[in-house]
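Here the structure is laid out as structure tokens; the discussion comes afterwards.
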Number of protein chains: 2
Amino acid sequence: MTPDSAPRTYSISELSRMFEVTPRTIRFYEQEGLLEPQRRGQTRIYHDKDRVRLKLTLRGKRLGFSLAEIREVIELYDALPDGNARQLRRLLELLAEKRANLQRQEEDIRLMRKELDDVEGRCREALLALAENAEG
Amino acid sequence: MTPDSAPRTYSISELSRMFEVTPRTIRFYEQEGLLEPQRRGQTRIYHDKDRVRLKLTLRGKRLGFSLAEIREVIELYDALPDGNARQLRRLLELLAEKRANLQRQEEDIRLMRKELDDVEGRCREALLALAENAEG
DNA sequence: CCGCGAGTTGACGTTAACGTAAATCGCCGA
DNA sequence: TCGGCGATTTACGTTAACGTCAACTCGCGG
């Protein structure tokens, strides 16, 4: 029997390598309220919770959300178990917004793919034309 | 018989209303090489080609592409019919990059949806708990 | 005791993508 | 002829999201 798996921790440079961001970025996210690492002396110690938050944050960024938006969701989520009804409704509102956003993005992706297909088609035609001229 | 449909044109304010962006934004995109309107005197005149480009640009933006990235695609696309092989291959490269990007975004969207579902579930639970306490 | 590497703390710099404001121009209707 | 409206130019301002750099501290191996 293995004992309760030791709650792993991470240094800032470890996290920074895991996600390919700089330590500066990680500290900046903390300053913006997205991470809340422990301290040992003045040194930051990150737990899995922080790692997950960082992952979510970066994913949110790739999807075009601002750090402020991401923070609002995280804050409301953290206050969730004992949140008041107003906060909870606000969170549901936010979630609906994000969903709508995702849906539009999916549509945008679909359209963009079509355009890429079109461009690629023309591009390959042009290449073929070049080849024929060279050979003919 | 209607004559050949008159090639429609747009003023800057017209375009700005159509896409809900400011005239400043449209001029800025021109300055960045994304639009090339005609001029009558000093006034800009936009054709359908410009409208389409603007639409593509805004879609690109919603998908997180920078104006510089978008411009590169547009430039290569414009030089397409008589582009040399090097340009054409470069364009294919770019297209592949964009595709990869879109694919990752789709995956991000999928994961994000799961998280939203999870958060929403907990949120509704919390609301129910509140309701019961109020009633019991 | 010394230096080294990892980490921290300010503080100022930078880039993208516009916003904003002031001065000017051209046309059109009263 | 004059005023107003729409458009333009120029230039400086702003915001988000970090980058960069300098000065410091801390723990550790030699």
Side-chain angles (χ1 to χ4, degrees), chain A residues 8-47 50-51 53-75 97-98 101 105 108, chain B residues 8-47 50-51 53-75 97-98 101 105 108:
Chain A
R8 233 210 112 169
T9 69
Y10 310 86
S11 75
I12 196 170
S13 60
E14 241 174 322
L15 268 193
S16 100
R17 266 166 304 183
M18 290 181 64
F19 292 100
E20 308 202 305
V21 298
T22 68
R24 173 68 172 103
T25 297
I26 297 180
R27 291 195 200 98
F28 181 71
Y29 287 175
E30 175 181 352
Q31 178 182 328
E32 295 299 302
L34 294 163
L35 304 174
E36 297 175 315
Q38 259 193 339
R39 295 278 180 146
R40 191 157 84 196
Q42 64 174 357
T43 301
R44 279 166 253 254
I45 301 192
Y46 299 88
H47 294 79
D50 298 302
R51 187 182 48 76
R53 277 202 193 180
L54 180 52
K55 186 167 56 175
L56 294 182
T57 299
L58 294 174
R59 174 143 63 231
K61 276 214 56 185
R62 287 197 301 273
L63 291 176
F65 297 114
S66 72
L67 297 184
E69 287 177 294
I70 298 169
R71 182 188 51 202
E72 198 176 4
V73 174
I74 288 185
E75 276 176 357
E97 274 179 36
K98 303 300 171 197
N101 210 311
Q105 266 187 279
D108 282 335
Chain B
R8 233 212 113 168
T9 67
Y10 310 85
S11 75
I12 195 170
S13 59
E14 240 174 324
L15 268 193
S16 99
R17 266 165 305 183
M18 291 181 63
F19 293 100
E20 308 201 305
V21 299
T22 69
R24 173 67 173 105
T25 297
I26 296 180
R27 292 195 198 98
F28 180 72
Y29 288 175
E30 175 181 352
Q31 178 181 327
E32 295 300 301
L34 293 163
L35 304 174
E36 296 174 316
Q38 259 193 338
R39 295 276 181 148
R40 190 157 85 196
Q42 63 175 359
T43 302
R44 280 167 252 258
I45 300 193
Y46 299 89
H47 294 80
D50 299 301
R51 187 181 49 76
R53 277 202 194 180
L54 180 51
K55 185 168 54 175
L56 294 183
T57 298
L58 294 175
R59 174 144 60 232
K61 277 212 57 186
R62 285 197 301 271
L63 291 176
F65 298 115
S66 73
L67 297 183
E69 287 177 293
I70 298 169
R71 181 187 52 202
E72 197 176 3
V73 174
I74 287 184
E75 276 176 357
E97 275 178 37
K98 304 299 172 197
N101 209 312
Q105 268 188 277
D108 281 335

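Sequence lines set the chain letters: A, B, ... in the order given, protein chains first and strands last, and positions in each chain run from 1. The structure presented is a predicted model; accordingly, all values stated were derived computationally and were not measured.
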Confirm from the modelled atom types if A:R24 and D:dT20 form a donor-acceptor pair under 3.5 Å, side chain to base only.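 Donor-acceptor pair under 3.5 Å: yes.
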Could you tell me the separation between the [atom1] atom of [X] and the [atom2] atom of [N], rounded to a whole number of Å?
X     : N      : atom1 : atom2 : answer
B:R40 : C:dC27 : CZ    : C1'   : 11 Å
B:L54 : C:dA17 : CG    : P     : 15 Å
A:I45 : C:dG7  : CD1   : C1'   : 12 Å

Quick one: do B:K61 and B:L67 satisfy side chain to side chain contact (heavy atoms under 4.5 Å, CB included)? Show the steps, please. CA-CA 7 Å; B:K61 277 212 57 186; B:L67 297 183; 4.0 Å; yes
I'd like to check the side chain to side chain contact (heavy atoms under 4.5 Å, CB included) partners of [X]; sequence neighbours left out, ordered by chain and number.
X     : value
B:R53 : B:L35, B:E36, B:K49, B:I74, B:D78
B:L58 : B:F19, B:V21, B:Y29, B:L54, B:R62
A:Q38 : A:I45, A:H47

Closest non-hydrogen atom pair between A:T22 and A:S16, with its separation: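 Here A:T22 and A:S16 meet closest at C-CB, 4.1 Å.
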[X] (side chain) donor-acceptor with [Y] (main chain) under 3.5 angstrom:
X     : Y     : value
A:R17 : A:S13 : yes
A:E75 : A:E72 : no
A:R39 : A:Q42 : yes
B:R71 : B:E32 : yes

Do any of residues 66-75 of chain A sit with a heavy atom less than 4.0 Å from DNA chain D, and if so which?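 Per residue number, the list reads A:S66, A:L67.
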Residues within residues 9-22 of chain A bordering DNA chain D, heavy-atom distance below 4.0 Å: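 Nucleic-acid contacts, sorted: A:T22.
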Please check the phosphate of D:dA16 (OP1 and OP2 only) for any side-chain N or O of A:K61 closer than 4.0 Å.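 Checking D:dA16 against A:K61, no side-chain N or O comes under 4.0 Å of OP1 or OP2.
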Derivation of the side chain to side chain donor-acceptor pair (under 3.5 Å) call for A:Y10 and A:R51: CA-CA 8 Å; A:Y10 310 86; A:R51 187 182 48 76; 3.2 Å; yes
If you check every side-chain atom of A:T43, which of D:dT9, C:dG7, C:dT20 has the closest atom?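 Given the options D:dT9, C:dG7, C:dT20, the side chain of A:T43 is closest to C:dG7.
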Among the candidates C:dT9, D:dT9, C:dC18, find the nucleotide nearest to the side-chain atoms of A:R39.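 That would be C:dT9.
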Under-4.0 Å salt bridge between A:R8 and A:E14: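 Counted as a salt bridge, because a side-chain N and a carboxylate O are separated by less than 4.0 Å.
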Looking at residues 26-38 of chain B, who's got a heavy atom less than 4.0 Å off DNA chain C?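 Contacting residues: B:F28, B:Y29.
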